[in-house]
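Shown next, in structure tokens, is the structure this report addresses.
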Amino acid sequence: MFQTTRRVAVMALACGAAAAFAQSGGEIRIAHVYSKTGPLEAYGKQTQVGLMMGLNYATGGTMMVAGKKIVVIEKDDQGKPDLGKSLLAAAYADDKADLAIGPTSSGVALAMLPVAEEYQKILLVEPAVADSITGDKWNKYIFRTGRNSSQDAISNAVALDKAGTTIATLAQDYAFGRDGVKAFKDAVKTAKIVHEEYLPTSTTDFTAGAQRLIDKLKDQPGRKVIFIIWAGAGNPFKIADLDLKRYGIEIATGGNILPAMASYKNFPGMEGATYYYFGIPKNPVNEAMVAQHYTQFKSPPDFFTAGGFSSAMAVVTALKKTNGDAKAATLIKTMEGMSFETPKGTMTFRKEDHQAMQSMYHFKIKVDPAFAWGVPELVREIKPSEMNVPIRNKK
């Protein structure tokens, strides 16, 4: 009887050890919390595709680092902050995730930041953009491969900030839009900003907002521009239907996903700055991603595909350096100041706020009948060293 009990106890210990090995020793568990459904579903799906492609590429097709298997656990936050928060807590606590990547929405990201701190585990933010994520809401467990509002804004200011230009902004009324406009205003030194228009994220009728923008701009001298910061549903470019040309008003905006850039065909010569367009960066990682995406989907990779791929490159680069040690303390030490290759070229995590410093691309829209969207032709690459991206975390 004693021997049987002992044997059962030994077997139980062995099983427990095997389970522990599977959870920690033999696996690196990554939670991907993103908008699989919800208003930003299109962005979320691209990020997921890019992440899986990037992990495959970075590990040479093995999905292993330092002899450990990478396991990705998917969670759908539906674009809801409370849900994202509880899913991240469940990923860290119940799924024993070593680290997490995501989310899609800035509102969800802000809800998730304290969870990473509470569980003392890394959250690599991709692609949520709000400055406050690596700003006043930041903690040391947060890294971001995605660009922030300041990087968007500063690069767009490079394209638009000219003497004699008057600008009004149109943005969504939540963290992404308000942070974006604030960063844009901070970056504009020469042009004059006369109005900020904020509309609900669910807006479909832009007439009233557009009229307010026109009234503020129409009597201004010189070049007149409406700068649009918009994500997800709704087409703010409908404001062009109100005959802006009659008042000499132009539209400007940053880059976007390819379906959204179909409306850019109506604005040949429109200038702005973008985070990514598959035809712009010239490097081996981008070439590999573009080729793989065409093979798999018969289409080019999009805006957020590059982001997901970049997050995978960051994680695998760090885990190779730590020899598979996924403990937060080790990863933080390794990732601070770490450079890694991405489809956009080299990115570097800034030590002070863990924001990835990266190039942006000043473009001019060209209409090419071979493409269903307005093609952003490169005017010039704006390198990280040219962008004085503020450190906003006050740490």
query: Below 4.5 Å, heavy atoms only, C-beta onward: do Leu319 and Leu331 meet side chain to side chain?
result: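 Contact flag for Leu319/Leu331 side chains = yes.
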**Message:** Within the structure provided, determine whether His362 and Glu271 are in side-chain contact (heavy-atom separation under 4.5 Å).
**Reply:**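 A side-chain contact under 4.5 Å exists here.
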Measuring from [X]:[atom1] to [Y]:[atom2], what's the distance to the nearest 0.5 Å?
{"X": "Lys96", "Y": "Asp98", "atom1": "NZ", "atom2": "CG", "result": "11.0 Å"}
{"X": "Thr104", "Y": "Gln78", "atom1": "OG1", "atom2": "CD", "result": "12.0 Å"}
{"X": "Lys45", "Y": "Thr305", "atom1": "NZ", "atom2": "OG1", "result": "13.0 Å"}
{"X": "Ile154", "Y": "Asp186", "atom1": "CD1", "atom2": "CG", "result": "8.5 Å"}
{"X": "Tyr247", "Y": "Ile226", "atom1": "OH", "atom2": "CD1", "result": "11.0 Å"}
{"X": "Ile167", "Y": "Arg223", "atom1": "CD1", "atom2": "CZ", "result": "8.0 Å"}

Report yes or no: does [X] contribute a side-chain atom to a donor-acceptor pair with the main-chain N or O of [Y] at less than 3.5 Å?
{"X": "Thr342", "Y": "Gly345", "result": "yes"}
{"X": "Asp302", "Y": "Leu258", "result": "yes"}
{"X": "Thr47", "Y": "Tyr43", "result": "yes"}
{"X": "Lys364", "Y": "Met270", "result": "no"}
{"X": "Asp77", "Y": "Leu83", "result": "no"}
{"X": "Asp205", "Y": "Thr207", "result": "yes"}

Show every donor-acceptor pair shorter than 3.5 Å between a side-chain atom in residues 143-153 and any protein atom, with sequence neighbours excluded, or say none if there are none.
residue: Arg144; atom: NE; partner: Gln355; partner atom: OE1; Å: 2.8
residue: Arg144; atom: NH1; partner: Ala128; partner atom: O; Å: 2.9
residue: Arg144; atom: NH1; partner: Val129; partner atom: O; Å: 3.2
residue: Arg144; atom: NH1; partner: Ala130; partner atom: O; Å: 3.0
residue: Arg144; atom: NH2; partner: Ala130; partner atom: O; Å: 3.1
residue: Arg144; atom: NH2; partner: Thr134; partner atom: OG1; Å: 2.6
residue: Arg144; atom: NH2; partner: Gln355; partner atom: OE1; Å: 3.4
residue: Thr145; atom: OG1; partner: Glu126; partner atom: OE1; Å: 2.8
residue: Arg147; atom: NE; partner: Asp152; partner atom: OD1; Å: 3.1
residue: Arg147; atom: NE; partner: Asp152; partner atom: OD2; Å: 3.1
residue: Arg147; atom: NH2; partner: Asp152; partner atom: OD2; Å: 3.0
residue: Asn148; atom: OD1; partner: Ser150; partner atom: N; Å: 3.2
residue: Asn148; atom: OD1; partner: Gln151; partner atom: N; Å: 2.8
residue: Ser150; atom: OG; partner: Asp131; partner atom: OD1; Å: 3.3
residue: Ser150; atom: OG; partner: Asp131; partner atom: OD2; Å: 2.8
residue: Ser150; atom: OG; partner: Arg392; partner atom: NE; Å: 3.2
residue: Ser150; atom: OG; partner: Arg392; partner atom: NH2; Å: 3.1
residue: Gln151; atom: OE1; partner: Asn148; partner atom: N; Å: 2.9
residue: Gln151; atom: OE1; partner: Gln355; partner atom: NE2; Å: 3.1
residue: Gln151; atom: NE2; partner: Ala356; partner atom: O; Å: 3.0

Salt bridge or not between [X] and [Y]? Use side-chain N to carboxylate O under 4.0 Å.
{"X": "Arg350", "Y": "Asp353", "answer": "yes"}
{"X": "Glu386", "Y": "Arg380", "answer": "yes"}
{"X": "Lys80", "Y": "Asp82", "answer": "no"}
{"X": "Glu196", "Y": "Lys185", "answer": "yes"}
{"X": "Glu74", "Y": "Lys36", "answer": "yes"}

Taking the six-membered ring for Trp and the full ring for Phe, Tyr or His, determine whether the centres of [X] and [Y] are under 6.0 Å apart.
{"X": "Phe363", "Y": "Tyr277", "result": "no"}
{"X": "Tyr264", "Y": "Phe237", "result": "yes"}
{"X": "Phe303", "Y": "Tyr276", "result": "no"}

Is [X] linked to [Y] within one hydrophobic cluster, defined over Ile, Leu, Val, Met, Phe, Trp and Tyr using a side-chain heavy-atom separation of less than 4.5 Å?
{"X": "Ile280", "Y": "Val375", "result": "yes"}
{"X": "Phe267", "Y": "Leu170", "result": "yes"}
{"X": "Met261", "Y": "Val367", "result": "no"}
{"X": "Val125", "Y": "Tyr34", "result": "no"}
{"X": "Leu242", "Y": "Leu199", "result": "yes"}

Other residues, nucleotides and ligands only: do more than 12 of their heavy atoms fall within 6.0 Å of [atom1] on [X]?
{"X": "Lys121", "atom1": "NZ", "value": "yes"}
{"X": "Lys383", "atom1": "NZ", "value": "no"}
{"X": "Lys265", "atom1": "NZ", "value": "yes"}
{"X": "Lys75", "atom1": "NZ", "value": "yes"}

Is the charged tip of Arg178 near the ring of Tyr198: under 6.0 Å from the six-membered ring centre and within 45° of its axis?
->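 So Arg178 does make the cation-pi contact.
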(message) Met112 vs Val33, test: side-chain contact (heavy atoms from CB on, under 4.5 Å). Steps then yes/no.
(response) CA-CA 10 Å; Met112 285 167 56; Val33 184; 4.1 Å; yes
Give the minimum heavy-atom separation between [X] and [Y], together with the two atoms involved.
{"X": "Ile251", "Y": "Ala240", "result": "CD1-CB, 4.1 Å"}
{"X": "Ser106", "Y": "Phe176", "result": "OG-CB, 4.2 Å"}
{"X": "Met52", "Y": "Met63", "result": "CE-CE, 3.9 Å"}
{"X": "Ala58", "Y": "Met313", "result": "CB-SD, 3.8 Å"}

Q. Can you list the steps and then say if Phe184 with Phe227 is a side-chain contact (heavy atoms from CB on, under 4.5 Å)?
A. CA-CA 10 Å; Phe184 181 74; Phe227 177 58; 3.5 Å; yes
Side chains of Ser35 and Asp76: do they bring a donor and an acceptor to under 3.5 Å?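 Ser35 vs Asp76: no donor-acceptor pair found between side chains.
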TODO: Check whether the side chains of Glu287 and Asn283 place a donor and an acceptor atom closer than 3.5 Å, and report yes or no.
DONE: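 Not at all, the side chains of Glu287 and Asn283 share no donor-acceptor pair under 3.5 Å.
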Could you go step by step and tell me if Glu197 and Lys216 meet the side-chain contact (heavy atoms from CB on, under 4.5 Å) rule? CA-CA 11 Å; Glu197 186 68 33; Lys216 293 290 183 184; over 6 Å; no
Does the pair Val65 and Thr59 meet the rule for a side-chain contact (heavy atoms from CB on, under 4.5 Å), with working shown? CA-CA 7 Å; Val65 179; Thr59 61; 4.0 Å; yes
Item to complete: Could you go through the ring-ring contact (aromatic ring centres under 6.0 Å, His included) check for Phe340 and Phe349 one step at a time?
Response: CA-CA 9 Å; Phe340 51 101; Phe349 285 125; 4.9 Å; yes
Practice item. Could you check Gln48 against His32 for side chain to side chain donor-acceptor pair (under 3.5 Å), going step by step and ending with a plain yes or no? Key: CA-CA 8 Å; Gln48 191 272 337; His32 186 205; 5.8 Å; no
